[in-house]
Amino acid sequence: MGEVGGGALRSFTLPLVPSHRGRGNLFMEISRKKTRQITLGTVKIGGGAPVAVQSMCNTDTRDPKATLDQIRKLGQAGCEIVRLAVPDEDAARAIGTIRQGTKLPLVADIHFDYRLALEAVDQGVDGLRINPGNIGGKNKVAEVVQACKDRGIPIRIGVNAGSLEKHLLEKYGHPTPEAIVESAFGHIRILEDLNFTDTKVSLKASDVLTTVAAYRLFSEKSDYPLHIGISEAGTLFSGTIKSSVGLGILLAEGIGDTMRVSLTADPVEEVHVAYEILKSIKVRQRGVNIISCPTCGRTEINIIGLAQEVEKRLAGVKDPITVAVMGCVVNGPGEAREADVGIAGGKGVGLLFKHGEILKKFDEKELADVLVKEVEKIVKERTQKSEVRSQKSEVSM
Ligand code: SF4
């Protein structure tokens with residue numbers, strides 16, 4: 001506390017300033033930019049739909065069993081769209097089997113070869129990630145676009161600072177936000193000339209400020225829905241921080257319709273981090289929100305171990321539930337009362353709170369089990385209530 005607006009803040013201006021910044025009160029609610037809507041399988045993207053969470057399999061797409069196994073884990077974590085690398089014919093053909101094994105929308109990621117795009121479309125993919133400027137000549141792009149039109153599937157134009165066209169690098173010197181945005185509009189023009197607008201766009205760089213500036217610039221000029229992400233963000237630790245800062249800025253300004261957190265880690269972690277980012281600024285609510293104190297000289301129980309154990313054991317909960325794990329009676333009871341359920345520690349013990357009421361004192365070694373049990377009870381109560389509500393509405397129809 002006491003850091004907001006403190007003397008450590010320096011005057012700092014990002015290269016580009018969004019025109020719609022400040023429409024909403026950042027501290028109360030986020031006003032999302034209205035983009036046009038596209039549909040990817042069963043998921044709506046843009047036009048006010050919830051920000052969809054994506055990840056990308058790192059299995060060999062030619063191995064449907066391993067890929068489906070990973071897709072299942074991603075789905076359990078809350079992933080809503082899965083991207084698959086399609087490096088060759090065999091991978092493109094394997095999409096058919098993968099398609100039959102999952103209901104999650106699948107996007108085929110294709111570079112350089114339009115035939116792989118045609119095969120992936122034939123095999124039932126729900127979307128393509130291609131850059132029309134690099135999959136072949138105009139006729140070849142037209143063939144791919146026609147196949148997408150016939151099947152009603154969208155295309156993501158995925159511009160990456162690391163693979164910008166030569167003429168743009170010569171014009172701008174290096175991958176500036178302006179160069180990235182110009183590249184995107186070049187690809188968009190190719191599709192629009194073929195009367196194709198079922199498109200979303202990404203403008204990624206590994207540099208956070210370049211990425212933010214590119215998305216802001218694009219967002220001022222266009223209402224195509226945006227897939228946001230920081231490219232090659234790094235490991236679980238550093239990539240989480242870079243993605244949280246970059247995507248947090250964009251989401252807080254209302255920019256972003258679907259997102260991927262790119263991590264050098266298990267893709268399931270990408271999904272966990274994505275939801276933590278979305279939850280932290282209340283763009284979406286899913287799963288347990290842990291409030292835990294940093295511990296200090298007053299802590300008399302193992303709060304670090306308890307918070308980690310509770311977080312791990314409750315990772316599969318989908319309902320939005322706030323759980324407080326607090327070390328003492330200074331801030332503990334206050335936070336614990338505001339949460340759905342929580343504990344405030346004492347000397348080898350913890351007071352259990354639920355919906356603002358003190359329930360009971362427990363021994364330290366019982367606390368993890370007690371919190372998990374209380375969360376499970378809340379989930380059950382909510383499920384029963386919603387079943388009763390839906391039975392009532394059926395009767396009144
Ligand atoms: Fe210290 Fe208590 Fe605050 Fe935890 S809640 S950091 S134990 S004062």
Side-chain angles (χ1 to χ4, degrees), residues 1-10 26-29 235-245 247-249 252 269 272-379 381-382:
M1 290 293 283
E3 286 164 18
V4 176
L9 278 182
R10 288 200 203 115
L26 277 191
F27 299 102
M28 296 300 289
E29 65 178 63
T235 59
L236 182 56
F237 178 72
S238 60
T240 295
I241 293 168
K242 283 189 219 166
S243 298
S244 305
V245 172
L247 303 188
I249 292 171
E269 298 294 351
H272 291 154
V273 174
Y275 278 105
E276 285 304 317
I277 294 172
L278 292 168
K279 280 192 297 193
S280 69
I281 49 173
K282 298 191 168 58
V283 171
R284 288 189 70 177
Q285 299 296 332
R286 185 188 197 274
V288 169
N289 175 29
I290 301 272
I291 293 171
S292 57
C293 81
T295 73
C296 72
R298 293 183 195 90
T299 321
E300 292 183 292
I301 57 172
N302 178 9
I303 284 291
I304 296 175
L306 180 60
Q308 283 172 348
E309 183 181 346
V310 168
E311 185 172 65
K312 201 167 166 200
R313 285 173 63 179
L314 296 176
V317 174
K318 293 188 184 112
D319 276 40
I321 293 172
T322 301
V323 178
V325 182
M326 304 297 290
C328 79
V329 290
V330 174
N331 295 324
E335 287 288 359
R337 273 197 206 100
E338 292 300 314
D340 291 300
V341 60
I343 60 105
K347 196 172 171 45
V349 294
L351 278 180
L352 175 73
F353 292 80
K354 191 173 176 185
H355 303 313
E357 302 286 329
I358 296 175
L359 294 190
K360 209 177 155 187
K361 191 190 278 183
F362 288 92
D363 191 82
E364 178 176 2
K365 55 183 186 301
E366 299 172 283
L367 292 175
D369 287 345
V370 163
L371 279 174
V372 169
K373 211 185 282 171
E374 288 302 330
V375 169
E376 286 167 354
K377 264 198 231 166
I378 294 172
V379 172
E381 283 159 17
R382 287 187 187 171

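Owing to the predicted nature of the structure, the values given are computational and were not obtained by experimental measurement. Scope of the values below: all heavy atoms of this structure, side chains included, with no hydrogens, waters or symmetry mates. For ligands, and for the atoms within them, numbers begin at 1 and follow the listed sequence.
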Pull out every atom of ligand 1 sitting under 4.0 Å from any heavy atom of [X], numbered as shown with elements.
X	value
Cys293	4 (Fe), 5 (S), 6 (S)
Arg298	8 (S)
Cys296	1 (Fe), 6 (S), 7 (S), 8 (S)

May I ask you to say whether [X] pairs ionically with [Y], meaning some side-chain N is under 4.0 Å from a carboxylate O?
X	Y	value
Lys373	Glu376	no
Asp340	Lys377	no
Glu276	Lys279	yes

So how far is it from Ile290 CD1 to Gln308 CD, rounded to the nearest 0.5 Å? 10.5 Å
Please say which of Lys282, Gln285, Arg284 ends up in a side-chain contact (heavy atoms from CB on, under 4.5 Å) with Pro320. Gln285
Short N/O/S contact of Cys328 with atom 2 (Fe) of ligand 1 (below 2.8 Å): yes
With a 4.0 Å heavy-atom cut-off (strictly under), which part of Thr295 contacts ligand 1: side chain, backbone, both or neither? backbone
